[in-house]
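Counting convention: from 1, in listed order, for ligands and their atoms alike. As the structure is a prediction and not an experimental result, all values here were calculated from the model. Nothing fancy with the numbering, it's 1 onward along the sequence. What's counted below: heavy atoms across the whole structure, side chains too, no hydrogens, waters or symmetry copies.
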Amino acid sequence: RRDDEQTKKEENIRCLPLLDNFGFECFPRQLVHRSIQQGFSFNILCVGETGIGKSTLIDTLFNTNFKEHKSSHFHPSVGLKVQMYDLHESNVHLKLTVVKTVGYGDQINKEASYRPIIDYIDTQFEAYLQEELKIKRSLIKLHDSRVHVCLYFIAPTGHSLKSLDLVTMKMLDSKVNIVPLIAKADTVSKTDLQKFKSKIMSELAGNGIQIYQIPANDEASASVNSLQECLPFAVVGSMDEVRVGKRTARGRQYPWGVLQVDNESHCDFVKLRNMLLCSNMEDLKEDTHIHHYQRYRCHRLTKIGFADVGPDNQPLSFQEIYGAKRQEFSEQCQREEERLKQRFVQRIKEKEAEFKETEKELQDEFQHLKRIQQEKTKKLEEERRQLEEEIIAFYKMKADFEAQQAQQAQPASNL
Ligand code: GDP
């Protein structure tokens, strides 16, 4: 159409401005309309020590008041708190999920502090994968809970990263887009902050930790470069309204002055907000899907036994893999059945032998008792016989005695 207009201009033909767009230049409008209708979802993971300012920063970012009560420092292990919010700004609906670490950095043994965080990220990937593998899947309706960005809160020591920061970021960098933040940046002076930022970046690079790379697109390459140079963002959070001249602003009031969170010369809060919400939210989501989720998916499917190519480097079809898996599974079942049968026969034999042994023992015991019984009976018979003889002898003695007495009584009566 532009060419047409040019030709008409050259031919001095009067052009009328179009009242509305038509043709395929309307495509973007359809996307905008559909996105507004569907609404947006965004999942943020905040990792940082207790009291470092995670809740305050989230409130400041979304202009809300989500915080309920102060977090405790006495958790025996690291946990995660998941909160979901439905936010509206003009006609845009946002389903926001904020996941915050609880008790991070509070234990003496910090060895496995990253474990619950990794487990949470993997669980969300797994839920998505399971939906994807269903025959009847509904990925559009599914609430995608995969973590799109991890805001890593670095303590404003002005010195260097702690080993806990390095270990956790190293474990997380292949699973999530990490955006490092210097928390409570108002507690570090401007010159110290610059040195601290470069120290952090060199430590991250030195330890091979991949953080989120803000993509350079042509239109905004200048501002993107300045954003990239600002990493890690030095942020300050506050929902307090403070007086600045005749107006009020969100900030923190100090005896020596006011720090405005929305003032770019005071801190990087605005840069972070622009990057997260205005320019890079879609990129963060896409990066999560294309890189981090793909990595997880690839690892899981390989573990299950799927592969794109066979051992001979020839492409494998899904049907072939399924056939091979089925065959392998049925062979495995047969092997297992055979093993169970053998085990069963073996157990029966063992039990039989056990029963025979017990039977023999019982038989021996019975013979032994029988023998004792016979001996006892014999002994009793002997005693009985002796007793009978004694009784006979006694009666005999008694009869003799009575006969004797009778004889002695006869002469006396004769006298
Ligand atoms: P969380 O436990 O990480 O969620 O920390 P909170 O957001 O509850 O903040 C803990 C304390 O730090 C609160 O008293 C906040 O007012 C304070 N705080 C939060 N953000 C900042 C900040 O940027 N600068 C300063 N100086 N204090 C902050």
Legend entry - Electrostatic pair E338:R335 at N-O distance under 4.0 angstrom: no
Legend entry - E49 with K162: basic N within carboxylate O range, under 4.0 Å: yes
Please identify which atoms of ligand 1 are closer than 4.0 Å to at least one heavy atom of [X].
X	result
S55	4 (O), 7 (O)
G237	20 (N), 21 (C), 22 (C), 23 (O)
G51	1 (P), 2 (O), 3 (O), 5 (O), 10 (C), 12 (O)
E49	3 (O)

Inset, instruction - Could you tell me how the ring of F27 sits relative to the ring of F24: parallel (under 30°), tilted (30 to 60°) or perpendicular (over 60°)? - result: tilted
Inset, instruction - Could you check which of K54, R252, K81 puts a non-hydrogen atom nearest to atom 25 (C) of ligand 1? - result: R252
Inset, instruction - Closest by any non-hydrogen atom to atom 26 (N) of ligand 1: pick that one out of V235, L259, D59, D186. - result: D186
Legend entry - Distance in Å, Y104 OH paired with L164 CG, rounded so as to fall on 0.5 Å steps: 3.5 Å
Legend entry - From OG (S145) to NZ (K95), nearest 0.5 Å: 11.5 Å
Inset, instruction - Tell me which part of V236 gets within contact of ligand 1: side chain, backbone, both or neither, using heavy atoms under 4.0 Å. - result: both
Legend entry - Distance-only polar pair, side chains of D165 and Y152, donor-acceptor under 3.5 Å: yes
Legend entry - Donor on one side chain, acceptor on other, Y293 and E132, under 3.5 Å: yes
Inset, instruction - Please confirm whether the backbone N or O of A249 pairs with a side-chain atom of Q260, one donor and one acceptor, at under 3.5 Å? - result: no
Under 3.5 Å between some N or O of ligand 1 and some N or O of [X]?
X	value
K184	yes
K100	no
A185	no

Legend entry - Y254 to ligand 1, any heavy atom closer than 4.0 Å: yes
